[in-house]
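Because the structure is a prediction, the values reported are computed rather than measured. Nothing fancy with the numbering, it's 1 onward along the sequence. Reckoned from all heavy atoms, side chains included, excluding hydrogens, waters and symmetry mates.
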Amino acid sequence: MYKRSHSCGELRKSDIGQLVNLNGWVNTVRLHGKVVFVDLRDRYGKTQVVFDTESFLGDFEAVKKLSMEDVLSIQGTLRDRDEAAVNPKMDTGEIEVVVSEYFLLNEASPLPFVLSDRNSAEEDLRLKYRYLELRIEDLQKNLLIRHETYQATRTYLSENDFVEVETPVLMKSTPEGARDYLVPSRIHPGKFFALPQSPQIYKQILMISGLDRYFQIVKCFRDEDLRADRQPEFTQIDVEMSFVDEEDVFSHMEGLTRHIFKTVRDINLPDPFPRLTYAEAMETYGSDKPDLRFKLTLKDIKFFSDTSEFNAFKSTETVKGFVVLGGAKYSRKIIDELTEFAKKYKAKGLAWMKGENDGLTGGISKFFSDDLQKEMCEKLGISNDDILFMIGDNKMTTLTALGALRSEIARRENLAGTGVFKPVWVTDFPMFEHDQDKDRYIAMHHPFTAPREDDIEKLESDPSNALSRGYDLTLNGHEIAGGSIRIHSPQVQEKVFSILGLSHEEAVEKFGFLVEALSYGAPPHGGIAFGFDRLVMVLAGTENIRDVIAFPKTTSAASLMDASPSSVSRQQLDELGIQLKEKPGN
C-alpha cells in the first residue's frame, strides 16, 4: 500500500504535475477500450483515476476486472482533464490522476444492494449490512453533522462555565415512567442494576453537591414501545443549573441552540424564541409540540354547531375545526382517508363542509341555515374553494385528533417549507395526568418537577389543576428538549410522591437517597435534556432518526447487523442465578 499523499476530495488544478498517492474504494468503473476510468472514493470525496496502456506499468487485464467497492491504493501523476470531460458536479472535476502503479488491497464480494441507489433495498436489508450503507454519502454527511453538533455543544457549554461530569450507567431501578433495562448482578445474587432512563437524580445530586452548572452528552435507555423517532438507547444533552429560574434556563438554552444551528448549518434562529403555554398550544394547534411553519390553527365551532340542527355535536364537550385553504378540491376518497386517519386518534368521525358561492356545501352543511353558513364563513375565514374540517368529542380527543390531522394535511400539501426552522417554548404544563385505567395520578413530566409557586396550595386542594414549572423546547413539530425547575423542598417532594400514590416508605425505598440529600441544604435548581438524536435529525433534514445514528435498532428494538438481542449460554445464566420462564401467552 502507498502512504496516501492526499484524500480523494482534495486535489485541484493547482496540484497539476504532482506525483500523488490515493487510497479508497472503487465507486464506479468505466471501460473504454485501452483506457479504464475509475472514480476512487473516500469520505472526503471522489477523484477520477485513469488506467491506460501507455502509462500504466502493470497488468491491464487485471484492471479491467475491477469492480465496485474494491479497495485500491494507487500512485500516479495529476493532470488536467480534457475540457469536454470536466465534471462541474465534482469538486475534483477538473483534474484526474494517470495511474502508473496500484495495489488491489481488498476485493469486494458482490454487493447485497446498490450503494448508489439507497432506495433500491428495504431498510431491514440495509440495516443488516449497515457497514455498507454507511459508505453512502448522505449518511456520512449526517454523521459529520452529528460530530459537529457534539463539538458545538461542548464548546458553548464549556465557555459558559458548565462542567462535564459522567454519571453512572449502572444504577438503582426507579419508577420514572418507561420500563427499565435491568442488569443482573453476579456478585449480589437476585439483585439488579438498571440502565439509566436519564441521569435525572444524579444531576440533581450534583447540584446539591455544589457543582452549580453541569452538562453531559449521555446515553440513556428505555424499554418502551417504539415509534419512528425513538430508539431503545438514545443520547441526551443533559444540563442542570443551581440558583436559577425559568428565565435563566431559557436564556442559556436558546443561546446553545442558536450556537449549534449557526455553527453546524449557518442558520440564524430568532432571538428570543417565542413562547406558548401548554393550554395555548393545545387549543390553537392540538399539540404540545406545535409546528409553527404553517397556519391551520384550530377554531372553536361549538357555538355554531349548537345553533345548527346537527344534533350529533350538541352533547359533546368540545367542537373545534380548522380551515384548509383550497381544500374544496379534496375528493370524497381523500376525505374518507382523512376520516380514517382521525379515527386512529380516537375520533368517532370527521365532519366537513366546503366553501362555495359564499356559503357552505357538502358534508353536514344541510344542517346549517344559510344565515349561519354566512356567519361561519365570515368569522372562521372560510372562502370559496376552502374546506372546513370539524371534530366533536371530549376535549382531549378533539384537540389531539385535530392536531394530528393538521400535521397530516400539512405533510400532504407540503405546507412546511424546507430550510425553515420555527422554535417555540411550551410552558405551564399540568403537574399531573389522571390514569383512568389505574385511577391514579401520574407525573406529566417526572416526579421531581416543581409546581408553580401560586399552585403549591393546589397540591392539597386541587392537584388535577395544579400547573408545573415544566417546559419543552419544540422545533418544527419535534420536541427537541424538555426540562423543569426542580423541587428543592423535601416537604414538597414528599407531597408530590404522595399524590403519585407512593407511601413514605415506598418513596424512601425508591428515592430515599434523593429525599435525604434534599434535607442537607439543596439549592433551587433546574435544567433540561435535549434529545440529541432528534436534534441532529432536524439539523440533517431527515424524518428518520435511524439516519443519524451509526448503528441503530429497528422499531422492534433489534440490531440486524449483529443479531442482538441474542440467547446466552446456560452457564452464563447459572452464574447469575437466572432461570428462564416461558412468557405468559406464548
To the nearest 0.5 angstrom, please state how far the [atom1] atom of [X] sits from the [atom2] atom of [Y].
X	Y	atom1	atom2	result
Leu256	Thr155	CG	OG1	10.5 Å
Ile485	Asp248	CD1	CG	7.5 Å
Arg213	Met241	CZ	CE	6.5 Å
Arg118	Leu132	CZ	CG	13.0 Å
Leu502	Phe497	CG	CZ	6.5 Å
His525	Leu206	NE2	CG	10.0 Å

Aromatic contact, Phe215 with Phe162 (centres under 6.0 Å): no
Residues, nucleotides or ligands: over 12 heavy atoms within 6.0 Å of [X] [atom1]:
X	atom1	answer
Lys219	NZ	yes
Lys128	NZ	no
Tyr520	OH	no
Arg186	CZ	no
Glu575	CD	yes

Considering all heavy atoms, the nearest [X]-[Y] contact:
X	Y	result
Val420	Asn476	O-ND2, 2.9 Å
Cys8	Asp42	N-OD2, 2.9 Å
Asp212	Met207	O-SD, 3.4 Å
Thr449	Gly470	CG2-N, 3.9 Å
Val426	Ala281	CG1-CB, 4.4 Å
Asp393	Ala347	OD2-CA, 4.3 Å

Spell out, as yes or no, whether a donor-acceptor pair under 3.5 Å connects the side chain of [X] to the backbone of [Y].
X	Y	result
Arg406	Lys295	yes
Arg146	Val536	no
Glu317	Lys395	yes
Lys302	Thr316	yes
Asp223	Tyr181	no
Asp428	Thr277	no
Ser209	Leu211	no
Ser498	Glu494	no
Ser484	Arg486	no
Gln140	Leu134	yes

Under a 4.0 Å N-O cut-off, is there an ion pair linking [X] with [Y]?
X	Y	value
Arg130	Glu133	yes
Asp271	Arg258	yes
Arg469	Glu453	yes
Arg275	Glu247	yes
Lys141	Glu148	no
Glu137	Arg41	no

Between [Y] and [X], is there a side-chain heavy-atom distance shorter than 4.5 Å?
X	Y	value
Tyr131	Met561	yes
Lys262	Asn268	yes
Leu276	Pro290	yes
Arg126	Leu139	no
Ile260	Tyr156	no
Val324	Phe322	yes
Lys346	Met396	no
Met537	His478	yes

Report yes or no: do [X] and [Y] form a side-chain donor-acceptor pair below 3.5 Å?
X	Y	value
Gln491	Ser489	yes
Asp472	Thr474	no
Arg154	Tyr150	no
Thr398	Thr318	no
Ser464	Asp462	yes
Asp238	Tyr214	yes

Whether Phe448 and His446 hold their rings parallel, tilted or perpendicular, with breakpoints at 30° and 60°: tilted
Parallel, tilted or perpendicular: rings of Phe432 and Tyr441 (30°, 60°): tilted
Single hit among Tyr278, Phe273, Phe250, Phe429 for ring-ring contact (aromatic ring centres under 6.0 Å, His included) with Tyr471: Phe250
Step-by-step side-chain contact (heavy atoms from CB on, under 4.5 Å) determination, Leu415 to Arg293: CA-CA 8 Å; Leu415 298 181; Arg293 291 175 296 174; over 6 Å; no
Stepwise side-chain contact (heavy atoms from CB on, under 4.5 Å) test for Phe234 and Cys220: CA-CA 5 Å; Phe234 56 96; Cys220 302; 3.4 Å; yes
Worked check of side-chain contact (heavy atoms from CB on, under 4.5 Å) between Met431 and Asp455: CA-CA 10 Å; Met431 277 287 291; Asp455 288 4; over 6 Å; no
Pair Glu246-Thr427, side-chain contact (heavy atoms from CB on, under 4.5 Å): steps then yes or no: CA-CA 10 Å; Glu246 291 88 336; Thr427 65; over 6 Å; no
Side chain to side chain donor-acceptor pair (under 3.5 Å) between Thr167 and Gln216, worked out: CA-CA 8 Å; Thr167 53; Gln216 183 181 189; 3.0 Å; yes
